[in-house]
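In listed order, ligands and their atoms are each counted from 1. For reference, positions follow the sequence shown, starting with 1. Side-chain atoms are counted along with the backbone in the values below, which use heavy atoms only and exclude waters and symmetry mates.
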Amino acid sequence: MNLRCVECEAMFPPRLIYQCPACGGILETVGQDDVAPFSFGEGGTPLLRASRIEAELPGFSGEIWLKDETRNPSGSFKDRLIAAALGRAIAMGVRGVVCASSGNAGASTAAYAARAGVPAIIVVPAHTPPGKVTQIAAHGAILLLVEGHYSRSYDLARALAGEHGFANLTTTFINPYAVAGVTAVGHEIFAQLGGQAPSHVLIPTGSGPLVKGVWQGLREAGASARLVAVQAEGCAPIVRAFEAGAEHVTAWGMPQTIASGISDPLIGYERDGSYTLRLVRESGGCAVAVSDDALREAMQTLARREGIYAEPTAASPIAALRQLLADGRLPADARIVCLITGHGFKDARAYQEMPTRTHRVDDPRDTAAVARLCEAAIAERV
Ligand SMILES: *Cc1c(COP(=O)(O)O)cnc(C)c1O
Ligand SMILES: [Zn+2]
């Protein structure tokens, strides 16, 4: 296995380097990896048919499938990247690991490092959802909270990796071994559809390693699909460049969205966004932004129609469905895979504001009254 620059195509032997020494470009791995991931049960997640969602889309005659990445050990697909990158870091004999995160990569690193007995420093924005912060802290990681947007945490993690000689497991395109770990998603989708490709894959997108993983995994399987990068309206640098027909993505200001997992303004590593945009275009796909209101509605749809409890980011493909079907970017007979990337347990706040069918029972001995209340509730349409 070797490293190759995606810009100038220079090749390098595998080392702990984070950008092309020749041109500063993004590095990728090529060839068979001879280092095993530090596995903990990640991957092999179910692909579930969403027939109730299909039935509620007017005029839709295709298929919708949910790749349920909430089932990974720490509750998000980030486990696939961290398993690969940590396996490599341990093989290279590092003293510890550092990871900048909007929450999920940090939770994953904290859990995997705990199991490996490796010191971990996790850097997150101070406003990271409490569920994710609690999860990271529970695993005993050194947790650093940094005011401001995610890119400031990114910069600090990069500096700390240098200071301590730790491996940087940040899950942008900075660690090529991590990104290689996510190609399995593409392979799994292809195999789970019986050796056929979907027509479209809808992907919650921050900097884009997941887009790259699906793109490359399908390609390695001899297949392809149109890839749709889904972002939040309050942080949509890739969508903005796509709509402008631009080649280069420019950084976003301060993100403003409930979708913490894709709140990445890309400040200082805009080239990650440009690379992702290139892959999206090459696939014949597109990039689309969804509002926080659409995210809330999609969360309810997933939870109430399909039994899947997802964090706001992870519901974004469902939020994008209606919009893309309405404007014809998704044909009515499309075979669509939606990546459900992170668990609802991580960020329950958005659900707590939603209407529920909860009732306080004052007198549990009056079963007839409680039964009447339940009958009335069953008769309601929700
Ligand atoms: C990190 C993350 C994403 C975005 O992944 P990228 O590979 O950075 O584009 C999507 N969903 C969730 C839940 C995440 O944690
Ligand atoms: Zn280069």
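For the side chain to side chain contact (heavy atoms under 4.5 Å, CB included) criterion with Trp65, the lone passing option out of Ile336, Leu193, Ile189, Val201 is Leu193.
Within a 6.0 Å sphere centred on CZ of Arg219, other residues, nucleotides and ligands contribute 12 heavy atoms or fewer.
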Step-by-step side chain to side chain donor-acceptor pair (under 3.5 Å) determination, His248 to Glu270: CA-CA 8 Å; His248 294 289; Glu270 295 84 352; over 6 Å; no
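Between SG of Cys20 and SG of Cys8, the angle at the Zn ion (ligand 2) works out to 110°, rounded to 10 degrees. For Cys5 atom SG and Cys23 atom SG, the angle they make at the Zn ion (ligand 2) is roughly 100°, to 10 degrees.
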Between ligand 1 and the protein, which N/O pairs fall short of 3.5 Å?
unit_1, atom_1, unit_2, atom_2, d
ligand 1, 7 (O), Pro209, N, 3.2
ligand 1, 7 (O), Leu210, N, 3.0
ligand 1, 8 (O), Ser207, N, 3.3
ligand 1, 9 (O), Gly206, N, 2.7
ligand 1, 9 (O), Ser207, N, 3.4
ligand 1, 9 (O), Gly208, N, 2.9
ligand 1, 11 (N), Thr341, OG1, 2.7
ligand 1, 15 (O), Lys78, NZ, 2.7
ligand 1, 15 (O), Asn104, ND2, 2.7

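Under a 4.0 Å N-O distance rule, the pair Arg80/Glu188 qualifies as a salt bridge. Using a cut-off of 4.0 Å between Lys/Arg side-chain N and Asp/Glu carboxylate O, Asp327 and Arg322 are scored as not salt-bridged.
Within the 4.5 Å cutoff, the side chain of Asn168 has heavy atoms near those of the Arg158 side chain.
Evaluation of the ring pair (Phe, Tyr, Trp, His ring centres under 6.0 Å) rule for Tyr351 yields Tyr309 as partners, not counting sequence neighbours.
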